[in-house]
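What follows is one structure encoded as C-alpha cells, with my remarks underneath.
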Amino acid sequence: MHDLKLIRDNPEAFDASLARRGFPASAAAVLDLDLKRRDAQTRLQVMQARRNDASREIGQVKGKGGDASALMAEIATLKSDIQAADEADKALAVEMDGLLSSIPNLPAAEVPEGGEEANTEIRRWGTPRLAEGAAHYELGEGLGLMDFEAAARMSGARFVVLKGALARLERALGQFMLDLHTTENGYTEVAPPVLVRDQAVYGTGQLPKFAEDLFRTTNGFWLVPTAEVPLTNLVREQILDDAQLPLRFTALTPCFRSEAGAAGRDTRGMIRQHQFAKVELVSITTPEQSAAEHERMTACAEEVLKRLDLPYRVLLLAAGDMGFGAVKTYDLEVWLPGQKTYREISSCSNCGDFQARRMQARARASGAKNARPVHTLNGSGLAVGRTLVAVLENYAQADGSIVIPAVLQPYMGGLQTIHPHA
RNA sequence: GGAGUCGUGGCCGAGCGGCUGAAGGCGGCGGUUUGCUAAACCGUUAUAGGGGCUUAAACCCCUAUCGAGGGUUCGAAUCCCUCCGACUCCGCCA
C-alpha cells in the first residue's frame, strides 16, 4: 500500500519508479480520484458540521423546555443529502483503496531496470559439478523412496510421497535449518497457523491481486503460500518500540500454492509442487535498519547452502522480476547437476513499509510522538523440498546412492549414505 | 455444540442518548524541588482525513474514530442487528 502523500508530492517520481518495473503510470489516476474524493469529503463535512451544531442546539432548547421543531425540520431535509454524500464518499474511498492496493511497491534505486533478463549476478559460491548428473526424480525413484504415482492416485499432479530415508532426509533438512537460524542467527522459532483470514493475506500483498495462486477452504480460510504470511502478520495492528527492533522470526511450515498459470512448467519431479515444506525468515525492523537487515538475512540463507556444501549464486533481481511488495530482492540459486543449471532455492526481499501500511504495523522511537510504519523483510531459509532436490543431485554417486552431507548426519541417526533398496 | 459475560486512548480503567475525544490512574514528555538517586509537586500527552495560516514548523477550524460493519434517533461510547475476538460454565473430542 502506498502513501498517498508521497504520490501527491511527487507524482512524476512515482510513475518513473513504476516504469522501472514495467508497470504503467498510475499517479494521474490516483490524483484524479484523490481530488474527487476530497471534494466529496468536503461537501459531506460541511453538512455534518451543520447537523452537529443543530443537534446540540436542539438539546439545549429542549433542556429548557422550548420548542425545537424548526431546527428538527431543517435537519430532516439535510438527512438524505448527508446519507447520499456519505455513500459517495465511501464509494470513492473503496475505489481509492482498490487502486492503491493494486499498485506494486517501488523498487530501490540500485535495483536494475527491466525484466528477468536484467537480473544481475552478484556473487557465486562453490564449484558446480559440470558432469551430466541424474535428475532427482530418477535418483529418488531409483532409491524406491520417492513415489509420484502413489501421490497422483490420491492427490493428482504436483504432489509427491517420500518414504524411508528420503522422508527422514526432508525432516533432517528442516530441523537443521531451523536449528541454524535459532541458535546461531538470532531468529525466534514460531509455530504459526497455516490457515489464515483474508486480512492476513491482504497484509502481505497476495490479496487482492493474486487470489488465484492460493488455495481456499470452503469456509473462507486461505492456506498460506509461505510462512511469510503468518510470521509477518505477527505484528499486524501493533505499535512497537523502536528499541524492540529488529524482531526476527523463523518457522518451518508446509506451503500451499495452486500453481495456476504454471501449467507445463517443471511438471516432472519435486521442483514445483502444490504443497512443500519451507523454512521462512522474517524480520521486522525500523526504516533505518532494513537495508542492512536485508544483507544479513540473505547471508543467513546463504549459510545454509554453505554448510550443506551446495554451489550457488546470488542474483539481484531486476525491477520487473520482483514480487509485488518488494523494494529489493536477492534470489539464491542452487546448482542442479540434473538440469545443469542454477535454480531458485531462496528469495530474500526487503518490502520497506509496503506491507506494514497494509497491516497497520507501526513502531515508535522512544519519546517520539508519532509511530511510523515498520519495515518488513522475508526470505526463504530455505525451501526444503528444493533443498532435498539439490542434495540428491549434488551428492549422488555413480551407483545411484546418495551421500548424506556431514551436517545432516546427526539428524539422520548417523546414516552416511542412502543406498538403493534401503 | 448448548448457556452466559464481555470488547473504551501506549497500557489499566470510569462512563445517565445531548459541550464526553471521552473522568481517574500508570507510562511518556516538559518543568519546579534536589549534593546525586529516589520521592513529591505543577503542567502536558490519541489517531486519521480535510481546510486555514506559514518558506516550513508551531498554531487555529472542521469531520471521522470508544472491536468491525449496518440500523434506530434531531443527536449514539451509551439502544437494536450481524460479524470478529476474549473469557466462564456444561457437553463432546484429540
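In what follows, chains are A, B, ... by sequence order, proteins preceding strands, each numbered from 1.
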Whether R386(A) side chain and I271(A) backbone form a donor-acceptor pair below 3.5 Å = yes
Looking for any heavy atom pair under 4.0 Å, which part of the strands does I239(A) touch: base, sugar-phosphate only, or nothing? sugar-phosphate
Check your understanding: Just checking, is any N or O donor in the side chain of R171(A) or Q175(A) under 3.5 Å from an acceptor N or O on the other one?
Key -> no
U47(B) -> Watson-Crick or G-U wobble partner, both distances under 3.5 Å, gives A64(B)
Q48(A) atom CD is separated from G51(B) atom P, nearest whole Å, by 15 Å
| request: Using a heavy-atom cut-off of under 4.0 Å over every strand shown, decide if R357(A) touches base, sugar-phosphate, or nothing. | output: nothing
Separation of U63(B) atom C1' from D89(A) atom CG, nearest Å, is 10 Å
Between G70(B) and K90(A), is there an OP1 or OP2 to side-chain N/O distance shorter than 4.0 Å?
yes
- Query: Checking R358(A) against Y202(A): charged group under 6.0 Å from the ring centre and within 45 degrees of the axis?
  - Reply: yes
Which of C62(B), G18(B), G49(B) is nearest the side chain of S55(A)? It is G18(B)
In whole angstroms, the gap separating P of G69(B) from CG of D86(A) amounts to 12 Å
Short side-chain donor-acceptor distance under 3.5 Å, K278(A) and T253(A): no
Any strand, both distances under 3.5 Å, Watson-Crick or G-U wobble: U88(B) pairs with A3(B)
Taking a pair to mean Watson-Crick or G-U wobble geometry with both distances below 3.5 Å, A39(B) pairs with none
Practice prompt. May I ask you to say what R56(A) touches in the nucleic acid, namely base, sugar-phosphate or nothing, with a heavy-atom cut-off under 4.0 Å?
Written response: nothing
Among the nucleotides U63(B), G50(B), G18(B), whichever has the atom closest to the side chain of K62(A) is G18(B)
* To do: Please work out if A54(A) contacts a base, only the sugar-phosphate, or nothing of the nucleic acid, heavy-atom cut-off 4.0 Å.
  => nothing
### Side-chain donor/acceptor contact of Q45(A) with base of G49(B) under 3.5 Å
yes
- Can you find a side chain N or O atom of N52(A) that sits less than 4.0 Å from OP1 or OP2 on C62(B)? no
To the nearest angstrom, the CZ-P distance between R51(A) and U63(B) comes to 9 Å
Quick one: does any side-chain atom of D3(A) pair with a main-chain N or O of K5(A) as donor and acceptor, under 3.5 Å?
yes
Taking a pair to mean Watson-Crick or G-U wobble geometry with both distances below 3.5 Å, C53(B) pairs with none
